Amino acid sequence: VQLQASGGGLVQDGGSLRLSCAASERTFSGGVMGWFRQAPGKEREFVAAYRWGYGTAAYAASVKGRFTISRDNAKKMVYLQMNSLKPEDTAVYYCGVTTRNLIYSALSSRAEYDFWGQGTLVTVSS
């Protein structure tokens, strides 16, 4: 499974960015695609996930209401729209995928994701 994340950059406090993750064909037969992020000196943490089979999304409490995960099947893309960005959102953002249908409580566990993209850096200035 090949994943390619893009869309990161430098934005001011309160600004917006949209991240993209291009996935290979296999991931669209089911499973989950998620976004995680890792700030300097911190563990990689869950941001959002989308379950293909259920058509549902899940979000970390810290981003709920500001970030939206969505997909485009025709383009084989998953997006993370990030609004009202804050300096604490600064991190390298990674997309991960598993072809398994995870239960809701497992979506935030990075160990459940089998493949990862290379990451894209998001920097929010104050």
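Predicted model, so just to flag it, every value in this text is computed and none were measured. Index from 1, following the sequence.
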Practice item. Look at Arg110 together with Glu43 and state whether they make a salt bridge at an N to O cut-off of under 4.0 Å. Key: yes

Exercise for review: Report yes or no: is the cationic atom of Arg44 (NZ for Lys, CZ for Arg) closer than 6.0 Å to the six-membered ring centre of Phe36, at no more than 45° off its axis?
Suggested key: no

Point to revise | Donor-acceptor pair, side chain of Thr90 and main chain of Val124, under 3.5 angstrom | key: yes

Revision key, fill the gap. Here the gap from Met82 atom CE to Tyr93 atom OH, rounded to the nearest 0.5 Å, amounts to 5.0 Å

Study note, to complete from the structure: Minimal heavy-atom distance between Gly7 and Thr120, with the atoms involved, is N-OG1, 3.9 Å

Exercise for review: With the side chain counted from C-beta on, respond yes when Phe67 and Leu80 share a heavy-atom pair under 4.5 Å apart, and no when they do not.
Suggested key: yes

Review point. Under 4.5 Å between any side-chain heavy atoms of Lys86 and Arg66, yes or no?
Key: yes

Review point. Just how far is it from atom CD1 of Ile103 to atom CZ of Arg51, taken to the nearest 0.5 Å?
Key: 9.0 Å

Review point. Just by modelled atom types, is the Asp114 backbone N or O under 3.5 Å from a matching donor or acceptor in the Arg100 side chain?
Key: no

Check your understanding: Taking Asn101 for the side chain and Gly31 for the main chain, is one N or O donor matched with an acceptor at less than 3.5 Å?
Key -> yes

Check your understanding: What is the distance from atom CZ of Arg18 to atom OH of Tyr79, rounded to the nearest 0.5 Å?
Key -> 5.0 Å

Check your understanding: How many angstroms lie between atom CG of Leu121 and atom CG of Leu10, to the nearest 0.5 angstrom?
Key -> 9.0 Å

Point to revise | Worked verdict on Gln118 versus Gln4 for side-chain contact (heavy atoms from CB on, under 4.5 Å) | key: CA-CA 7 Å; Gln118 85 289 357; Gln4 182 72 37; 3.2 Å; yes

**Study point:** Non-hydrogen side-chain atoms of Val63 and Phe46 separated by less than 4.5 Å
**Key:** no

Check your understanding: What are the two closest heavy atoms between Val32 and Ala49, and how far apart are they?
Key -> CG1-CB, 4.0 Å

Review point. Is there side-chain contact between Val122 and Asp89, with at least one heavy-atom pair below 4.5 Å?
Key: no

Review point. Rounded to the nearest 0.5 Å, how far does OH of Tyr113 lie from OG1 of Thr98?
Key: 8.0 Å

Point to revise | Which atom of Cys95 lies closest to which atom of Ala5, heavy atoms considered | key: SG-CB, 4.0 Å

Practice item. Any chance you could measure Ile69, atom CD1, to Tyr59, atom OH, to the nearest 0.5 Å? Key: 6.5 Å

Practice item. Check step by step if side-chain contact (heavy atoms from CB on, under 4.5 Å) holds for Met33 and Trp52. Key: CA-CA 8 Å; Met33 182 169 282; Trp52 304 119; 4.0 Å; yes

Revision key, fill the gap. On a heavy-atom basis, the closest approach of Val11 and Leu17 is CG1-CD1, 4.1 Å

Check your understanding: So, Asp13 versus Ser126: side-chain donor-acceptor pair below 3.5 Å or not?
Key -> no

